[in-house]
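Heads up: numbering here begins at 1 and tracks the sequence. Read the numbers this way: they start at 1 and go in the same order the structure lists the ligands and their atoms.
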Amino acid sequence: MKIALKKLNFTMGPVMIEPSIRDIGAEQVPYFRTKDFSKLMLENEALLKKFLSADTETRIISLTGSGTSGMEATVINTLNEKDKVLIVNGGGFGKRFVQLCQLHHIPYEEICLPGGRGITSSDLEPYDGKGFTAFLVNHHETSTGVLYNMEVIASFCRKNSCFLIVDAISSFLADEFQMERWGVNAVITGSQKAYAIPPGLSLIALDARAQERVMKNTVHSLYFDFKLYLKDGERGQTPFTPAVGILIQLNCRLNQINTRGFDKELQKTADLAADFRKGIKQLSYRIASDSLSNSLTPLFVPEKVDAYQIFEMLEEQYQIWVCPSGGELRNRLLRIGHIGDLTLEDNDILIRALKDILENKM
Ligand SMILES: *Cc1c(COP(=O)(O)O)cnc(C)c1O
C-alpha cells in the first residue's frame, strides 16, 4: 500500500517538517545510555523551559506516546480521588479530560462552553469559593479553534488555590505561553503539532508543586509513573527506551528555534494565520471562533455546502490536506492549520482551491 505523501498539509498534525529535520529521520538511531544522549536530553529540558517561560525548579518529562498519553499520565500522577476538579469542556479535547477523570475516579465538575466561544470571568464566577482543588483546561480547544484566556483562568486558580494543569498541545510554539506568570503547575505538549517533528512524543513540564504531588501520589501504572522519569531525568535519562530518533529531531528543532529567535517563530505562525484570514474574507466561508489561536482557523462553510465533501475534494483533486471535523460539526466545519513548514504561497494555493470549489464544483 502506497500512501501519497506529497500533499500540501494544513492539518493540525502531523504537519510538514523542514528538510533538515526530516533528514535526521533517515539516519541510524544511536544507542542512548550514553553521556552524549544525556547531554542532549538536558539541553532539550533547558530550551523547553525557556520557551515555556518556566521557573528554574520546573522539570521536563519526555514521554513516548502521543499527546493523549501525556494528558492521561499527568492526570493520574498529579490528581487522585481526594481532589475536586474543575474542567473546561468546550469541545472534543475538553471532553477527553472529562473521560480521563471518569475513568480514574477523580471527582470533577465541568464548565460546558459552547463551541467557538472564549472564556470570561463570569463563566467562572459560579465556581468561585466552592472548594475546587484542581483546574483542567486545553489552552487551545483544537476541535473548535478556541484559545482560552489564561489570565482569566490564572486569576481564578490563584484565588482558589487550584492546582492548574494546562494542555497546550496545539498552542505551544504557536501562541505565547507564560508558565510562571500564569502559575501553571503542569503543561502538556505533543511533538506532531507546532514542534513540527514526527508524532510519538509528549513533553510535559512540572513545576515544584506538581513534582510534590507526583512524589506523594500512588500511580497504578509502571510505564506512566512520573517518579521514575523525574529520578532518571536528573541525569538526562528515561526509565524505558524513548523514541530516540524523535528526541534527536526535537533537539535539532529546539536549537533551530533558539537560533532564529523564539519570538520570530511565533510571529511566523501569526503572519501565516493573519494572511490566510485576510485572504479568506473575499469568500463566503465564515470564521467560527471569537478567540483564535495562531495555530488554526476554524471555518464554517456556506450553507448548502458540505464541509466533509470539501475536505475530500481538497485531498483528491487539489492534493491538499485540511482537518475535517467530527460529530455534529462534520458537515459544517473545516479547520485550517497554520503550523509546520508552510509559506504564504501555500496559503494562496489553498485559498484559490477553496474559491474554485465554491465557484465551480458545488
Ligand atoms: C492533538 C491534541 C491532543 C492530543 O492528541 P494525540 O492524537 O493524542 O496526539 C490533545 N489535546 C489537544 C488540544 C490537541 O490539539
For the pair Gln249 and Tyr195, evaluate side chain to side chain donor-acceptor pair (under 3.5 Å) and give the outcome as yes or no after the intermediate values.
CA-CA 10 Å; Gln249 288 173 305; Tyr195 285 101; over 6 Å; no
Parallel, tilted or perpendicular: rings of Phe240 and Tyr229 (30°, 60°):
perpendicular
Mind checking what residues have non-hydrogen atoms under 4.0 angstrom from ligand 1?
Ser66, Gly67, Thr68, Met71, Phe93, Arg96, His140, Thr142, Asp167, Ile169, Ser170, Gln192, Lys193
Honestly, is Arg286 close enough over Phe300, meaning NZ or CZ under 6.0 Å from the six-membered ring centre and within 45° of the axis?
no
Between Phe135 and Phe156, ring centroids under 6.0 Å:
yes
Lys227 and Asp232 ion-paired at < 4.0 Å
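Between Asp232 and Lys227 there is no salt bridge, as every charged N stays at least 4.0 Å from the carboxylate O atoms.
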Would you say Ser38's side chain and Arg235's backbone share a donor-acceptor pair under 3.5 angstrom?
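Yes, the answer is positive, given that a donor and an acceptor are paired below the 3.5 Å cut-off.
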